[in-house]
Number of protein chains: 2
Amino acid sequence: MIENDGREAIDRADAVSGKTRDALRAAHLYYMQDLTMDAIAHELHTSRSSISRLLSHARASGLVEISIHSPLDLPSRIEQEILERHEVRAHVVPVPDHASDVDRLDRVALSAARILGQYVDSNQAIGVAWGSTMSAMSRHLVPKATHNTEIVQLNGAGNVRTTGILYASELLRRFGDAFGARVQQFPVPAFFDEPATKQAFWRERSTRRLLDLQSRLDVALFGVGSPFAEVPSHVYQGGYLERADYQALSRDGAVGDVATVFYRADGSTDGIGLNERATGPDFAVLRRAPRRICVVSGRAKLPSLRGALAAGLITDLIVDEGTARALVDA
Amino acid sequence: MIENDGREAIDRADAVSGKTRDALRAAHLYYMQDLTMDAIAHELHTSRSSISRLLSHARASGLVEISIHSPLDLPSRIEQEILERHEVRAHVVPVPDHASDVDRLDRVALSAARILGQYVDSNQAIGVAWGSTMSAMSRHLVPKATHNTEIVQLNGAGNVRTTGILYASELLRRFGDAFGARVQQFPVPAFFDEPATKQAFWRERSTRRLLDLQSRLDVALFGVGSPFAEVPSHVYQGGYLERADYQALSRDGAVGDVATVFYRADGSTDGIGLNERATGPDFAVLRRAPRRICVVSGRAKLPSLRGALAAGLITDLIVDEGTARALVDA
DNA sequence: AAGCCGACTGAACATATGTGCAAGGGTGTG
DNA sequence: CACACCCTTGCACATATGTTCAGTCGGCTT
């Protein structure tokens, strides 16, 4: 049996690399030499359909990378303005104003997933938060081969409901798969019931290991939550917070959260009680990551976004056009 | 009149930048968000045809860049072998064995033109030779915006026939246009009749300026000539060389040339008489350029290619598959 | 050996994209 | 103002690409 398994693995690897080789060649012929799929099929002694599939595979697996460069003399006015006002590099995703929130989120997530490849590289620790934005992104990641890269869960997810949302572990796994990276789970609830429990947990050596990883991230990736928007992000639907928690947040003046840590419009977090029980990294820790990518879609998140900007949490922002416009208009 | 011209230029620039803006947006929607052209047409309030054309424009003008990455663990065996044997980074262009020489040249040139973008950047001096390979490349360059970059002609072209081949100035202009670069022409014949004339010319200050530029190149781009192959490169058809010249080259053991400078199979050039009258840069000068890109297609050029490799002229090689295979086989 | 499974293929069809063409709008010219 | 010119547009058609489906193959189990 063992020998059989070994043999099978080798065969499969060969088959895969043969496929990759073909895909690479087809991609050259198609994208570099502008041959038609028909012509390629002829050269590779197969059918046109197979070439079509092979090319799809080549794109989906990141063999072919398509990038878009604005000419240097024509940076989008909005991106320019965001850069000047907030010292944040913005990617504005064009989305028509009349698009639904679901559409908008999907389209921003799709673009973000494709842009992400630029930021991910070998030998990095990449912190990933958890939420509907990250979930949508995780479904569109373009694979990119890396070595020795780790995906680190930023905040606990405990208590997940199955209402269509992804389990955090599944979400993280997708990131890990896409980049050939190890995944470091953080098996705690999103919020502890008691601050004391959190503190106790935080002293555990296994927890310390993860916190240590979090403090040495190269890239952090997150959305923002807006607890008081009409369409609250799903952390607020999943039953993580009680009515009393909302009241407390409201009283404390919180306008949003990043990885379950809440902040006010001015970016401050001091004295927001709930944070004592939250599992996400302290902003001082988060800000150690040289690149902090925030993905936001929908005007409803504007106040949260402003707060996160005020807190200096963001170095790179991926945002839909309408929200970007609203951000610079006011 | 002057005011009119000015006004028109502004309008046209606005129109262009408006077009670029649209193209950029369409490209985002198409390549990042996977919308169909129909959908984009709807979003941009125009017809599908216009979007098709806009996207063609976006690709042709370098707004959209498509690149192909081999996974790091699967570098083409041939490229790997060339790297090990010759310390040269190879790009092997897949071309079927039965392709005609014309096809082969075209396809290599097309690929090379697209690869070239990776090497060209702002504030560079780029030396460009002259021949059928460069001519074919020049017709497929993908524009890339640069500042303060110069295209420097490597060797004289005098005496051009109009038999379908491009005038050198036209060829250089295409490179210049593609990269928004100044073009430095070298208005001398390919070969002088008398070494003394060349030496005299070389003392002229205007010539010195250009020779100086040539000695400070960042990138050099050239093919190889093979005077004794069945299908001689067109330098040998244009009536540049006399029967006596060929005999001399043969006697001196020359196997090829780079920018009109001839060399033997072992890469040596000493004592090859014709070089006294040639206008291309001495190899010692050429080798100062940190990147020296050679584009070769067709097995007939194999001996020339070997010689150029022996001479250490090449740092980056773009070559068709058949020739690459022949190179490593023997 | 028979049978199941999954992965892959090519033919046929469905869809998406590219292009020739005639029409319209703007601009400079006589 | 009429005209020629050039550029752009959208339509209709031609072509290229994507996808479904039924069939094949090899590996594995029963």
Side-chain angles (χ1 to χ4, degrees), chain A residues 1-61 63-64 66 68 107 110 140 142-143 177, chain B residues 1-61 63-64 66 68 107 110 140 142:
Chain A
M1 272 303 270
I2 290 172
E3 285 155 50
N4 260 342
D5 277 347
R7 186 54 186 277
E8 181 195 349
I10 290 170
D11 284 356
R12 193 169 298 162
D14 276 358
V16 167
S17 111
K19 182 175 180 178
T20 303
R21 233 172 255 284
D22 284 351
L24 226 37
R25 168 174 282 250
H28 267 284
L29 296 173
Y30 191 76
Y31 290 107
M32 295 284 135
Q33 296 185 25
D34 287 347
L35 296 201
T36 169
M37 291 186 180
D38 233 340
I40 300 173
H42 198 260
E43 276 192 23
L44 268 60
H45 307 293
T46 179
S47 74
R48 199 182 49 69
S49 327
S50 298
I51 298 298
S52 171
R53 285 185 276 249
L54 208 52
L55 287 171
S56 299
H57 169 74
R59 286 185 302 258
S61 61
L63 260 44
V64 173
I66 300 181
I68 297 174
R107 290 173 62 166
L110 183 51
H140 298 297
V142 180
D177 285 354
Chain B
M1 272 304 269
I2 291 172
E3 287 156 49
N4 257 343
D5 278 348
R7 187 52 188 278
E8 180 195 349
I10 290 169
D11 284 357
R12 193 168 300 160
D14 274 359
V16 168
S17 112
K19 182 175 180 178
T20 303
R21 235 172 256 283
D22 285 351
L24 228 35
R25 168 175 283 250
H28 268 284
L29 296 173
Y30 191 75
Y31 290 108
M32 294 285 137
Q33 295 186 26
D34 288 346
L35 295 202
T36 171
M37 292 188 180
D38 235 340
I40 300 173
H42 198 259
E43 278 194 22
L44 267 59
H45 307 293
T46 179
S47 74
R48 199 182 49 70
S49 331
S50 298
I51 298 298
S52 171
R53 285 186 274 252
L54 207 53
L55 287 171
S56 299
H57 169 74
R59 285 186 302 259
S61 61
L63 259 45
V64 173
I66 300 181
I68 297 175
R107 291 173 60 167
L110 183 51
H140 299 297
V142 180

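Throughout, a chain's letter reflects where its sequence line sits, starting with A, and its residues are numbered from 1.
A heavy atom closer than 4.0 Å to some atom of DNA chain C occurs in B/R48, B/S49, B/S52, B/R53, these being the qualifying members of residues 41-57 of chain B.
Residues A/L29 and A/I51 have side chains not in contact (no heavy-atom distance under 4.5 Å, counting atoms from C-beta outward). Using a 4.5 Å cut-off on side-chain heavy atoms (C-beta onward), A/R48 and A/T36 make no contact.
Side chains of B/Y31 and A/R59: no donor on one and acceptor on the other come within 3.5 Å.
Atom pair A/D38:CG and C/dA16:P shows a separation of 20 Å (rounding to whole Å applied). To the nearest angstrom, P of D/dT17 lies 8 Å from CD1 of A/I40. Atom-to-atom, CG of B/L35 to C1' of C/dT17 comes out at 15 Å; the value is rounded to the nearest Å.
More than 12 heavy atoms of other residues, nucleotides or ligands sit less than 6.0 Å from atom NE2 of A/H57. Within 6.0 Å of atom NE2 in A/H42, 12 or fewer heavy atoms from other residues, nucleotides or ligands are found, so the atom counts as exposed in its surroundings.
The side chain of A/Y30 contributes no N or O atom lying less than 4.0 Å from OP1 or OP2 of D/dA16.
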- Message: For a side-chain contact (heavy atoms from CB on, under 4.5 Å) check, start with the C-alpha distance between A/I40 and A/L54, then their side-chain angles and the critical distance, and finish with the verdict.
- Response: CA-CA 11 Å; A/I40 300 173; A/L54 208 52; over 6 Å; no
